[in-house]
Amino acid sequence: DKISAKLKQRTGSDLEIGIASFKGLSSVSMKDICLVPSTGDTLLKVDSVNVRVSIWSLFTGTIRIEEIFSSGVHCILSCRDSVCNYSGFIHDKPAQKAVNPGSGTNYSLTLRRMLDKVFNLAPQRANIHDVFLTYRNDTLEQTIFVKEFHSDENSLKGFAEDTKSH
């Protein structure tokens with residue numbers, strides 16, 4: 001599959017998708033997703049996810065998520081013995097050109113680009129269940145469990161629990 005091959009080439013990670021199907025041009029459903037980096041622990045497991053993107057935003061080269069329905073998500077960020085399972089996804093980019101030459105990084109431009117990406121990817125509607133976000137290092141393991149999260153154009157509600165492990 002092209003996506004798995006491209007991800008392997010860019011990050012060294014293996015992506016497995018049990019079942020994937022498309023509905024029209026803007027929706028994709030996937031089940032049994034597993035993302036395993038070349039080093040470290042499994043980064044992501046997802047039982048099921050359905051995503052619908054804005055077809056109009058694709059014409060401008062921007063991905064804007066309209067809806068996401070997901071359940072059984074396990075995201076594990078692990079950094080043990082200097083081996084981080086997410087390091088393949090962090091790429092050093094050349095510093096942004098500053099507005100005034102010689103003044104360093106243009107933080108305003110960097111912040112604007114980051115916020116544009118965050119808000120474009122934030123779905124207008126979401127229904128998410130059973131999400132485990134875990135961070136591990138040599139001395140700590142912390143998990144946040146999101147039992148349920150619902151959002152639409154008018155409201156945002158959900159329940160999350162901070163659980164502490166050994």
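Quick note: numbers below take in every heavy atom, side chains included, and nothing from hydrogens, waters or symmetry partners.
- Tracing side-chain contacts under 4.5 Å through hydrophobic residues (I, L, V, M, F, W, Y), one never reaches Leu35 starting from Ile19; they form parts of separate clusters.
- Applying the 6.0 Å contact sphere to CD of Glu161 captures more than 12 heavy atoms from other residues, nucleotides or ligands.
- Between His74 and Phe132, the angle of the ring planes stays under 30°, which puts this pair in the parallel group of the 30/60° scheme.
- Environment of CD in Glu148: crowded, with over 12 heavy atoms of neighbouring residues, nucleotides or ligands closer than 6.0 Å.
- A donor-acceptor pair is defined here as one N or O able to donate and one able to accept, closer than 3.5 Å; such a pair exists between the side chain of Asn85 and the backbone of Ile76.
- With hydrogens and angles ignored, the 3.5 Å screen pairs a side-chain donor or acceptor of Thr11 with a backbone N or O of Ser13.
- Each of Val28 and Phe69 belongs to its own hydrophobic cluster when Ile, Leu, Val, Met, Phe, Trp and Tyr are linked at side-chain heavy-atom distances under 4.5 angstrom.
- The closest donor-acceptor contact from the side chain of Thr163 to the backbone of Thr143 lies under 3.5 Å.
- By the disulfide (SG to SG under 2.5 Å) test, Cys75 pairs with no residue at all, sequence neighbours left out.
- When each of Val49, Leu133, Leu44 is checked for a side chain to side chain contact (heavy atoms under 4.5 Å, CB included) with Val73, only Leu44 meets the rule.
- The distance from the OG atom of Ser21 to the CE atom of Met30 is 9.5 Å, given to the nearest 0.5 Å.
- Side chain of Glu153 to backbone of Gln124: no donor-acceptor contact under 3.5 angstrom is found.
- Taking CZ of Phe149 as the reference point, atom CD1 of Ile68 lies at 10.0 Å (rounded to 0.5 Å).
- Between the side chains of Asn127 and His129, at least one donor N or O lies within less than 3.5 Å of an accepting N or O.
- Without hydrogens or angle criteria, Ser29 side chain to Val51 main chain gives no donor-acceptor distance under 3.5 Å.
- The local environment of CG in Leu25 is sparse, with at most 12 non-hydrogen atoms from other residues, nucleotides or ligands closer than 6.0 Å.
- With hydrogens and angles disregarded, no donor-acceptor distance shorter than 3.5 Å links the side chain of Asp81 to the backbone of Val83.
- Looking only at side-chain heavy atoms (C-beta outward), Arg136 and Asp41 come within less than 4.5 Å of each other.
- Leu111 CG: more than 12 foreign heavy atoms inside a 6.0 Å radius.
- For the pair Ser87 (side chain) and Cys84 (backbone), a donor-acceptor distance under 3.5 Å is present.
- When the side-chain hydrogen bond (donor to acceptor under 3.5 Å, both in side chains) test is applied to Ser4, the partners found at least two apart in sequence or on another chain are Asp1.
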